[in-house]
Peer 1: 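What follows is a single structure, and I will ask about it in a moment.
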Amino acid sequence: MKTRWLSEMGKPLARKIIESHLVDGRAEAGSEIGIKVDRALMQDATGTMACLQFEALDIPQVRNELSIIYVDHNILQVGYENPDDHKFLETFGAKHGIYFSKPGNGICHQVNLERFSIPGKTLLGSDSHTPTSGGAGMLAIGVGGLDVAVAMGGAPFYFKMPKVVGVKLTGRLGPWVSTKDIILEMLRRLTVKGGLGKIFEYYGPGLSTLPVPARSTVTNMGAELGATTSIFPSDEVTLDYFRRQARERDWSKILPDEDASYDENIEIDLSSLEPLIACPGAPDNVKRVSEVEGTKAQQVLIGSCTNSSFQDLMVVAAALKGRTVDPHVTMAVNPGSRQVLATVEQHGGLSSIVLSGARLLENACNGCIGMGSAPGTDWVSVRSFNRNWPGRSGTVDDRVYLTSPEVCVATAIHGAITDPRRLGEYPHVEWPEHFVVDDSMVLPPAAVPNAVEVVRGPNIKPLPRRGPLEAALRGEVLIKVGDNVSTDAIMPAGAKILPLRSNIPAISEFVFAWVDPGFVKRAKDKNGGFIVGGGNYGQGSSREHAALAPMYLGIKAVVAKSFARIHRANLINFGILPLEFEDPVDYDSLKQGSVLNLDGVTDALARGDKTLKVTCADRSFEVKADYTARDREILIQGGLLNYTKAKFAASN
Ligand code: MIC
Ligand code: SF4
């Protein structure tokens, strides 16, 4: 195996990968750069739009090394919508050179890690937890579907070069303490805004004890810090994982330089960690398990793309062996992939899980996105998942705790939140020589693309398009919200709404549905207008529907204290101006119904003005319009699709 980039000294791993993929700009923190995208990932809930957008680019075949669509979110089939969308994705993929992972094969991030991650390569995915593959040394970034569509067309991915933060891990995790506790500790220290504009790179002596799926729990939930991505080196531990996947040939050693210098530094002594838990409301509402121990629980869910690996499930199975789930608790387990399920079954784990009284769910997202498993009224739900924004579970007043599989299983057994160290000796999980490898549920693209007919059910509506930006923007503030509003609040998901992802007119009816049921009617009556937000507006998912549906309702701009990375990019991609208050005090002066006027917007953008003037009644204030030249051009043209089509047309 060859060691790459030995001649370079002093560089973090993330910087090395970025520099080796750089096609535009200089890799200086804060500058805009364009990188080559080796691989692309979509899932079904964001994939239908991404495919329609790719189609609108008029490019017959994807141009990057490998693109793949996973069906894992819209898994319940209570009507024709989801199966129709899946058939569309399958046939679209076959025709345009995209692999298709069938429903039942597993959650996109888990399967991608197992079968398609490659150290040192770049991956762009239309799901915010795409950084999961960073556990295997990939530079994996979550973005909106349109960014993936454009990358599949062969264009570079543009973003601001993040700061690279070195997270040095020392010591060793104690029994019943898991890698989930590392990322919960990061969230406790840094909060959900702490990763904005940053890549977290983990290194140090503590790494040797952390297998790849455990590393991926950390990189997965780096999304909750708001980070651009998170990454671990590809070392001997990574090689061990690739061997067991029978993919040794895809492995190469890629390490940071020994004297790598980071923009910022953090240190975590693994030996000092204890079981942690994020309490209801937000993933950074972190406490020690001992602080909430004894809280009665009615539901325990184990799985999601954060904690559904062989190791996770075998620890759970071992803890359940000879024990039963508390009679007043509903416990469910969803393996991350078919590989995990089959391997756990081969190693005798399944019977302990099933005999304990736990429900076994499909290898898919399930309750994590409210696709089933909604908790009952006033239930406490303890989950090994990554998000607990209010209402995400499908129950409006939910009380969702996020923690490790270890804490989950102890809670299920005792019927109340329990420190797992009370369960006795920590089980040793023997890894198989080889995980069960069977890629037959991944369908390759068609050998003769022209022979494939793309099947479009009635749920697939045409892509909404818009023209160039208007010179003057006028309208009312249609809603004013506070800090840390997530995309789950802007464009809710769940079993009832997710099936409408390929039907923008229908899904638009649910914008802000749980926050303000009158929003959509107001937006329609007023012919669009403005949204006013607090700090970190749009945190969480990559769903571009949180921008696309507001665009469809005529939203012209969002004025906020600050924005989350992916949502800000999605707003620009759909021609909505993300504007930041120059002075946050102006946030207080606005209310729902305030009338805003912005004149000469296109001229100001064309000139490259860094601020715009907003007039409201008899006063005015400044907002930051701190866009790159490319962003300004995209906004003027009415979004990334118009911009890219014009570019491609000019270059052909
Ligand atoms: C999520 O966990 O919120 C999702 C559902 O996976 C989203 C994508 C989507 O909304 O389709 C994400 O994380 O980007
Ligand atoms: Fe699926 Fe949940 Fe992971 Fe999103 S966070 S990809 S819904 S398992």
Side-chain angles (χ1 to χ4, degrees), residues 41-50 69-76 82 85 89 101 103 106-113 124-133 140-148 183 216-217 219-224 226 229 283 301-309 312 332 334-337 340 361-373 383-389 391-394 400 402 486-495 497-502 507 510 538-549 564-567 569-570:
L41 163 167
M42 290 167 282
Q43 40 88 337
D44 51 341
T46 53
T48 46
M49 272 299 133
I69 304 170
Y70 295 92
V71 176
D72 53 0
H73 283 66
N74 267 328
I75 225 68
L76 299 179
N82 290 345
D85 282 8
L89 293 171
S101 172
I107 305 176
C108 54
H109 308 303
Q110 177 66 28
V111 180
N112 204 75
L113 178 72
L124 207 64
S126 61
D127 192 282
S128 63
H129 292 104
T130 301
T132 312
S133 287
I141 302 180
V143 294
L146 181 50
D147 278 317
V148 171
I183 191 65
S216 286
T217 295
T219 59
N220 169 286
M221 227 176 144
E224 275 52 71
T229 190
L301 301 182
I302 294 177
S304 92
C305 56
T306 317
N307 277 119
S308 55
S309 67
D312 288 333
N334 77 268
S337 67
V340 169
L361 300 182
E362 195 170 356
N363 320 317
C365 300
N366 300 311
C368 179
I369 193 57
M371 192 53 69
S373 296
R383 303 172 167 210
S384 74
F385 301 174
N386 49 33
R387 289 186 170 152
N388 58 351
W389 319 122
R392 178 177 161 98
S393 66
V400 174
L402 307 173
S486 73
T487 51
D488 277 283
I490 305 168
M491 183 74 262
I497 304 175
L498 267 180
L500 305 173
R501 284 288 181 91
S502 50
I507 205 168
F510 295 92
Q539 71 164 326
S541 83
S542 71
R543 71 190 66 148
E544 61 190 2
H545 298 73
L548 185 47
R565 173 186 65 90
I566 309 179
H567 187 60
N570 284 339

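The model shown is predicted, which means the values in this text are computed figures rather than measured ones. Numbers here simply count residues along the sequence, with the first being 1. Only heavy atoms go into these numbers, but all of them, side chains included; no hydrogens, no water, no symmetry mates. First listed ligand is number 1; within each ligand, the first listed atom is number 1.
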Peer 1: Give the contacting part of R392 toward ligand 2: side chain, backbone, both or neither, where contact means a heavy-atom distance below 4.0 Å.
Peer 2: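 Just the side chain.
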
Peer 1: How about S542 and S128: does a side-chain donor come under 3.5 Å of a side-chain acceptor?
Peer 2: no

Peer 1: Could you grab the distance from atom CE of M221 to atom CZ of F385, nearest 0.5 Å is fine?
Peer 2: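 The CE atom of M221 sits 11.5 Å away from the CZ atom of F385.
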
Peer 1: Are side-chain heavy atoms of S486 and Q539 found at a separation under 4.5 Å?
Peer 2: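 With C-beta onward as the side chain, the pair touches.
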
Peer 1: Where do S373 and L361 come nearest, in terms of heavy atoms and distance?
Peer 2: OG-CD1, 3.7 Å

Peer 1: Considering only NZ, NE, NH1 and NH2 on the basic side and carboxylate oxygens on the acidic side, decide whether D127 and R543 come within less than 4.0 Å.
Peer 2: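 Judged by the 4.0 Å cut-off on N to carboxylate O distance, D127 and R543 do not form a salt bridge.
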
Peer 1: Is H109 close enough to touch ligand 2? Criterion: a residue heavy atom under 4.0 Å from a ligand atom.
Peer 2: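 For ligand 2, residue contact (heavy atoms, under 4.0 Å) with H109 is present.
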
Peer 1: Is any side-chain heavy atom of V111 closer than 4.5 Å to a side-chain heavy atom of I107?
Peer 2: no

Peer 1: Around atom 2 (Fe) of ligand 2, what protein N, O or S atoms are found below 2.8 Å?
Peer 2: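 Atoms qualifying: C368 SG.
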
Peer 1: Pick from T217, T306, N220, T219: which one makes a side chain to side chain donor-acceptor pair (under 3.5 Å) with T132?
Peer 2: N220

Peer 1: May I ask you to decide if L146's main-chain N or O and E544's side chain share a donor-acceptor pair within less than 3.5 Å?
Peer 2: yes

Peer 1: Does even one non-hydrogen atom of E224 get within less than 4.0 Å of ligand 2?
Peer 2: no

Peer 1: Name the residues with a heavy atom less than 4.0 Å from ligand 1?
Peer 2: Q43, A45, T46, H73, D127, S128, H129, I369, R387, R392, R501, S541, S542, R543

Peer 1: Do N386 and C305 touch side chain to side chain, with heavy atoms closer than 4.5 Å?
Peer 2: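 Of all side-chain heavy-atom pairs linking C305 with N386, at least one is under 4.5 Å.
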
Peer 1: Taking all atoms of both residues into account, what is the closest heavy-atom pair of T487 and S541, and its distance?
Peer 2: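 So the two residues come closest at OG1-OG, 2.7 Å.
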
Peer 1: Please test D44 against Y70 for side chain to side chain donor-acceptor pair (under 3.5 Å), starting from the C-alpha separation and ending with a verdict.
Peer 2: CA-CA 6 Å; D44 51 341; Y70 295 92; over 6 Å; no

